[in-house]
Structure formats: C-alpha cells, structure tokens
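To keep things clear, I will list the structure first and then write my remarks on it.
A quick note: this is a predicted structure, and the numbers were derived from the prediction, not measured.
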Amino acid sequence: AVDTPKDARRINKVTMPRLGGIAVIAGFIVSTIYLLIMGSLEGKLNLIESSYHVKILGFFVGMLVIVATGFLDDVKGLPAIVKLLMQTVAAMVVIASGVEIDSLKIGFIEKAGLTEIFNLVLTWGWIVGITNAINLIDGLDGLSTGISIISCVSLLIIFALNGSTILSIILITALIGALVGFLPYNFNPAKTFIGDVGSNFLGYTISIISIFGVAKTYTAIVIALPLIVLAFPVFDTLSTIVRRLVKGKSLKAIFTADAGHVHHKMLKKGLSQKQAVLIL
C-alpha cells in the first residue's frame, strides 16, 4: 500500500506509504469505546435514550464498510463506481439505524417532519457528499488532516454552545485527538499519507457526528453551520463535478481524476506545499 509518483498528478516525489489513516481510526475507536464505557458507568451518558445504542452500532457497522473499502482501494485500487456503491451501503446502514436529518430551518424557511423519502435522500446525500469532499481535498501533505481538525474544533464549539448531547461531544473530541496525534507525521514533509482509508473515514465520521450534534434542535445549524464549517471541501467537490462535466461532456467524466483542484492551482501559481496547505 504505497503511493508511487508515476504521473503528473502526483505531488510527492518519492514513494510513500499510504495506510496512515489506520492509526487515526484506531485512535478514534479506542478513545470512543473507553469514553462511552466510562460515561455510562459514571451515569453521565444514557445510551438507551433516543436509541443511541442502535445508532452507534449502525455508525460502527457503516464505518467498517467504509474502512474496508478504503483499505482495498489503497492496496489494490477500486473503480470509482464501486467506491460510490459501498459508500451508499454504509450510508444506508446508518440511516436504517435511525440516524437522519429530519428537520430544516434556513432563514425564514422552516421544515419539520419532512417526508421520509426526502429525509432519506437528504441524509444519504450529506453522508456520501462529505465523505467524497474530504477524500477529494486529500492531495497535499497534511491538507485533509488539517482541514478536518479545523472543522472538528469548529463543530465542537457549535455543539457546546448548542447544548448538544454528550455523545456528540465524545465522538468529535475523540476524532480531534486522533487527528492531532497523526498530523506531525502527515504534515510536509510527510512520513506517511492518510490514504483513501483515512480520508473516507474522516468524511464519513464528520458527516454523521454533525447530524448527532444537532439532532435535537430545529435551527439553521442542522445544515447551514456544518456546511459553512466544511465549506472548502464542499466547494472544491462541486467545482470538480462542474469542471469535469464541462470538460468531459459526460457523467463518466466526473469519476475521472484530474489536476484541477484548488490545491493544484495554488501549486501552479508557484506556492510551496506548506504555503498552500497553511493558506487553505
């Protein structure tokens, strides 16, 4: 599982190991399980409330699908359509466990008790969209890790101010800790890449934690604030879709990798990897 600079898209000049994401995943899982057990024993966390035990189970089963897919992609390589299919399976597992976006309030528009089909499509789009958004910006040393840390800290502040559940606080804090521990090994010059296994895990986990964190409020936070927090990866993803459609003139072109991402453009302007990452 190594990344060899065999084409012009590769930024790295030497062969790099790319399963570093497993360290982030392990750190997150160990911390989360420990905190869930201690929180329950101390009476600070009630997993039966709102069926959180079922939702957490669905979250972890979906994570297993995402991690297995990312691992195979890093080691063997998988077609984009297969990865999209497996991301959809993971999203459906989570939705089946009861995790969904069921209310919206943006500006003067307020919708509660939306139709079940709309809830399902919106939640699927959010999970799969953010999963791919984080994966697509993973092009420079420390970029996806750094962006994810900033996003997670921002979400933690939102959750604290919003009176969110202790579960969402535990999950986002565990993820921040795992990322901060990994960043020194991933920042330029990197010793290892986070890989597809790591970037897909990050997008999947952040998308679901953001739903957990705002599940009890009918506010703009449900979509607007996580969207603002994740504005850069979302923008880069949408611009990539449009660019590839215009250039390739077919839906198939969306799944064809290119060197037109924001970070690629910054490097072409003469910035170093470190400068581009820090600016972004």
Side-chain angles (χ1 to χ4, degrees), residues 24-67 89-105 110-116 118-120 122-124 126-127 130-131 148-149 151-181 201-227 229-230:
V24 178
I25 296 164
F28 172 77
I29 290 175
V30 170
S31 299
T32 298
I33 291 175
Y34 170 76
L35 290 169
L36 289 178
I37 292 172
M38 293 307 296
S40 298
L41 291 177
E42 293 173 1
K44 295 177 181 177
L45 180 64
N46 184 2
L47 292 177
I48 304 302
E49 179 189 3
S50 301
S51 299
Y52 278 127
H53 61 299
V54 178
K55 294 175 182 177
I56 290 173
L57 179 61
F59 168 62
F60 276 109
V61 172
M63 184 195 301
L64 185 62
V65 174
I66 290 290
V67 171
V89 170
M92 290 305 168
V93 168
V94 175
I95 292 169
S97 72
V99 178
E100 65 176 21
I101 300 169
D102 59 3
S103 61
L104 286 175
K105 180 180 178 183
E110 182 169 353
K111 291 284 185 182
L114 301 167
T115 65
E116 194 59 37
F118 185 83
N119 291 348
L120 190 151
L122 182 62
T123 308
W124 169 83
W126 177 252
I127 295 171
I130 298 303
T131 299
S148 295
I149 290 173
S151 300
C152 289
V153 170
S154 302
L155 286 173
L156 176 59
I157 294 169
I158 291 169
F159 295 166
L161 295 176
N162 190 43
S164 296
T165 63
I166 188 67
L167 174 62
S168 59
I169 301 289
I170 285 174
L171 293 173
I172 203 72
T173 307
L175 188 57
I176 292 169
L179 286 169
V180 170
F201 159 79
L202 288 179
Y204 167 84
T205 304
I206 291 171
S207 69
I208 293 167
I209 295 175
S210 66
I211 298 174
F212 275 144
V214 295
K216 290 194 171 185
T217 64
Y218 295 144
T219 69
I221 284 175
V222 174
I223 282 294
L225 285 183
L227 201 56
V229 165
L230 295 162

Before giving the answer on side-chain contact (heavy atoms from CB on, under 4.5 Å), spell out for Ile211 and Glu100 the whole-Å C-alpha distance, their side-chain angles and the decisive distance to 0.1 Å. CA-CA 7 Å; Ile211 298 174; Glu100 65 176 21; over 6 Å; no
Could you give me the CA-CA distance, side-chain angles and deciding distance for Tyr204 and Val94, then say whether side-chain contact (heavy atoms from CB on, under 4.5 Å) is met? CA-CA 10 Å; Tyr204 167 84; Val94 175; 3.1 Å; yes
Does Trp126 reach the main-chain N or O of Ser207 with its side chain, forming a donor-acceptor pair under 3.5 Å? yes
Under the salt bridge (charged side-chain N to carboxylate O under 4.0 Å, His left out) rule, what pairs show up with a residue in residues 34-45, not counting sequence neighbours? Glu42-Lys44
Minimum-distance pair of heavy atoms, taken over all atoms of Leu202 and Ser148: CD1-OG, 3.5 Å
Under the side-chain contact (heavy atoms from CB on, under 4.5 Å) criterion, do Leu57 and Ser97 qualify, and how do the steps go? CA-CA 8 Å; Leu57 179 61; Ser97 72; over 6 Å; no
Keeping to residues at least two apart or across chains, list the salt bridge (charged side-chain N to carboxylate O under 4.0 Å, His left out) pairs with something in residues 27-41. none
Please name the pair of heavy atoms, one in Val99 and one in Thr123, separated by the smallest distance, quoted to 0.1 Å. O-CG2, 3.9 Å
Calculate, to the nearest 0.5 Å, the distance between atoms OG and CD1 belonging to Ser210 and Ile127 respectively. 8.5 Å
Leu64: partners by side-chain contact (heavy atoms from CB on, under 4.5 Å), with sequence neighbours left out: none
Kindly write out the residues that satisfy side-chain contact (heavy atoms from CB on, under 4.5 Å) with Leu161, not counting sequence neighbours, or none if the list is empty. Ile157
Measure the spacing between CE of Met63 and CD1 of Ile208 and express it to the nearest 0.5 Å. 8.0 Å
Any side-chain heavy atom of Phe159 within less than 4.5 Å of one from Ile209? yes
Determine all donor-acceptor pairs shorter than 3.5 Å in which one atom belongs to a side chain in residues 25-39; sequence neighbours excluded.
unit_1	atom_1	unit_2	atom_2	d
Ser31	OG	Gly27	O	2.9
Thr32	OG1	Phe28	O	2.7

Quick one: pull up OG1 in Thr165 and CG in Asn46 and give me the separation to the nearest 0.5 Å. 11.5 Å
Would you give the length of the straight line joining atom CD1 of Ile169 to atom OG of Ser164, rounded to the nearest 0.5 angstrom? 6.0 Å
Decide yes or no on side-chain contact (heavy atoms from CB on, under 4.5 Å) for Ile176 and Leu156, but give the supporting numbers first. CA-CA 9 Å; Ile176 292 169; Leu156 176 59; 4.0 Å; yes
To the nearest 0.5 angstrom, please state how far the CD1 atom of Ile56 sits from the CG atom of Leu171. 6.5 Å
How many angstroms lie between atom CD1 of Ile66 and atom CZ of Phe59, to the nearest 0.5 angstrom? 10.5 Å
